[in-house]
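The block underneath contains the structure these notes are about, expressed in structure tokens.
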Amino acid sequence: MTTQLTKLPNFEEILQIAKDTFRQNFGSEPELGCCAPGRVNLIGEHIDYNDGFVLPMALPMVTLIVGSRCPGDEADIITCSASCEENKETARAKFSLTNMEPGKTKWANYIKGVIHYYSNKVQGFKAVIVSNVPIGSGLSSSASLEVATLTFLEHLTGRKVESNAKRALICQAAEHNYVEMPCGIMDQTISVCGQKNHALLLDCRSLETYQIPFVASEKDLVVLICNSGVRHELSKSEYPKRRAQCMQALELMALKSYRDATESSLSVLERSGEEELLKRARHVITEIKRTQDAAAALREHNFEKMGKLMKESHTSLRDDFQVSCIELDVLVNAAINCSGVLGSRMTGGGFGGCTVTLLQRSVVDSVMATMRENFIRKFNKDAAQRIEFYICTPSEGARRVSL
Ligand code: ADP
Ligand code: MG
């Protein structure tokens with residue numbers, strides 16, 4: 001079995017699908033199109049909700065919405081994403097724009113939430129959504145859906161939200177309160193602010209952002225994402241649990257913010273005998289430092305250093321924060337033992353999803369093959385069949401597209 005990069009539909013293809021679906025269902029051409037990207041986090045995991053720094057980049061994969069105004073105050077929306085959790089009958093959602101309560105159709109709740117927190121009057125519209133962001137894989141298809149929706153609403157009504165930080169907060173509030181996912185602010189921010197050839201350093205306390213030039217190709221390097229194809233149930237229940245533990249540890253250290261902590265703050269937790277809280281806090285404190293160091297390394301074009309920090313991040317997530325899983329560990333271990341690989345780590349919430357690897361372009365084929373072989377050895381051929389690989393360059397954030 002040869003291992004190749006996964007071919008996702010490209011932008012032109014999803015645009016065509018969106019326009020065709022709109023025409024077939026609504027009998028006209030859409031007047032407006034907007035899109036927003038998914039993201040991969042290079043480093044800074046599980047610290048966006050701990051006042052930390054994160055360093056994501058926007059992906060070339062996007063969620064695209066095309067649509068038009070229509071009379072009345074109803075939204076009529078179709079999603080073409082077959083792999084979205086809902087079944088076919090619920091791939092179309094119609095709801096009144098005067099009642100923005102969350103409903104039974106989960107994917108529509110992301111949209112309702114965004115409309116609600118956008119809080120401008122939105123007149124009736126019809127729309128079609130298509131995405132080439134892998135859904136439910138930790139590349140934040142959810143934030144790309146929220147941000148694409150908000151961008152679409154801003155253009156539809158002509159009323160702009162005053163800042164990018166506000167945009168991200170609106171989308172985050174939608175996910176918190178309409179989907180009951182207490183996510184941090186990273187995913188929405190990078191989906192709004194992404195820039196071509198840049199990673200984004202986000203200070204999750206002040207919401208200040210810094211564009212960090214990141215052109216791996218200048219040293220013949222690439223960013224390889226490996227989608228493990230697994231998502232353990234634990235991801236849902238453990239995420240709020242980690243958040244709560246981080247807060248508990250902070251209280252025990254008598255600190256207001258993890259940004260006031262140093263490694264010596266941990267001695268309180270060491271003495272308390274709260275072994276698990278100690279581990280959680282140690283991850284947060286060391287990961288904040290690693291992320292700042294990683295941004296400095298990228299600024300200096302020191303990709304070796306960047307890779308080393310990525311490896312350390314994985315170890316910390318595996319051993320201290322305990323959000324990795326055997327599949328992710330197998331993939332990361334396989335990668336980091338190959339020559340030409342600078343660093344590799346799990347990315348996203350954990351318990352499945354993706355790994356991100358920084359490596360020389362010349363070894364991509366052999367590294368993908370090794371990762372897959374190790375997966376087959378540990379699990380089986382069927383499991384290895386579900387693995388997908390994507391090479392991604394840092395791409396643009398939310399935008400209007402010409403139809
Ligand atoms: P991730 O953000 O890592 O992809 P989430 O579980 O946070 O995973 O978000 C996935 C959910 O977001 C899907 O189950 C679906 O409800 C919604 N979603 C994402 N993209 C789309 C889309 N194009 N159409 C409809 N729903 C979508
Ligand atoms: Mg998500």
Side-chain angles (χ1 to χ4, degrees), residues 8-9 11 13-15 17-18 21 33-41 45-46 48-49 54 56 58-59 61-67 75 77-93 102-114 127-152 168 171-172 174-176 178-191 225 227-240 323 328 346-356 388 390:
L8 295 170
F11 182 78
E13 286 165 331
I14 63 168
L15 182 58
I17 294 170
T21 307
C34 293
C35 73
R39 62 95 187 96
V40 66
N41 192 20
E45 213 65 75
H46 279 280
D48 60 341
Y49 54 84
V54 293
L59 297 175
M61 294 88 101
V62 296
T63 296
L64 168 70
I65 304 188
V66 302
I77 309 168
I78 293 169
T79 174
C80 298
S81 294
S83 55
C84 103
E85 280 159 26
E86 331 290 336
N87 61 33
K88 264 213 164 320
E89 293 92 85
T90 54
R92 184 164 186 166
K104 279 207 202 85
T105 307
K106 181 185 157 201
W107 66 265
N109 288 337
Y110 292 92
I111 296 168
K112 285 186 177 179
V114 172
V128 169
I129 300 171
V130 189
S131 185
N132 58 2
V133 184
I135 293 176
S137 302
L139 300 177
S140 216
S141 68
S142 58
S144 72
L145 174 61
E146 293 147 17
V147 174
T149 301
L150 182 61
T151 311
F152 177 80
C171 294
Q172 184 197 33
E175 189 150 344
H176 278 192
Y178 277 68
V179 195
E180 284 167 37
M181 179 59 188
C183 57
I185 193 69
M186 165 172 72
D187 301 354
Q188 293 78 8
T189 305
I190 181 65
S191 187
I225 295 173
N227 186 347
S228 70
V230 298
R231 188 187 205 189
H232 295 294
E233 261 310 300
L234 275 177
S235 60
K236 280 200 197 93
S237 55
E238 292 298 299
Y239 184 89
V323 289
L328 295 174
M346 57 155 276
T347 182
F351 302 106
C354 294
T355 69
V356 57
E388 296 194 343
Y390 330 108

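Positions are given from 1, in the same order as the sequence printed here. Note that ligands are numbered from 1 as they come in the structure, with each ligand's atoms numbered from 1 the same way. Worth saying up front: this structure is predicted, and the values here are computed from it rather than measured.
- Taking distance alone, with nitrogen or oxygen atoms compared against 3.5 Å, S81 approaches ligand 1 more closely than that limit.
- For atom 6 (O) of ligand 1, the nearest non-hydrogen atom from the set K106, E146, R231 belongs to R231.
- Per-residue contacts place S141 under 4.0 angstrom from the following atoms of ligand 1 (heavy atoms of the residue considered): 1 (P), 2 (O), 4 (O), 9 (O), 10 (C), 19 (C), 20 (N).
- Taking 4.5 Å as the limit, some side-chain heavy atom of S142 sits within range of a side-chain heavy atom of E175.
- In this structure, P134 and Y390 have side chains that are in contact, with non-hydrogen atoms separated by less than 4.5 Å.
- The heavy-atom pair separating P37 from S191 by the smallest distance is O-OG, 2.8 Å.
- Looking at T79 next to ligand 1, an N or O pair under 3.5 Å apart turns up.
- Annotation for ligand 1: atoms under 4.0 Å from non-hydrogen atoms of S137 are 3 (O), 4 (O).
- In terms of N/O distances under 3.5 Å, ligand 1 is approached by G136.
- When distances to the Mg ion (ligand 2) are checked against a cut-off of 2.8 Å, S142 contributes an N, O or S atom below that limit.
- Listed by atom number, the atoms of ligand 1 under 4.0 Å from I129 heavy atoms are 23 (N).
- With ligand atoms numbered from 1 in the order given, ligand 1 contributes 23 (N) to contacts under 4.0 Å with heavy atoms of S131.
- Under the 30°/60° scheme for interplanar angles, the aromatic rings of Y239 and H46 are found to be tilted.
- Between V130 and T21, the closest side-chain pair of non-hydrogen atoms is not below 4.5 Å.
- Checked by distance only, ligand 1 and I135 stay at 3.5 Å or farther apart across all their nitrogen or oxygen atoms.
- Within the 4.5 Å cutoff, side-chain heavy atoms of W107 are placed close to those of T79.
- When the heavy atoms of G138, G352, C80 are ranked by distance to atom 3 (O) of ligand 1, first place goes to G138.
- Listed by number with element, the atoms of ligand 1 under 4.0 angstrom from any heavy atom of L139 are 3 (O).
- When V114, I65, I129 are each tested for a side chain to side chain contact (heavy atoms under 4.5 Å, CB included) with F152, only one passes: I65.
- Closest heavy-atom contact between G348 and R39: CA-NH2, 4.3 Å.
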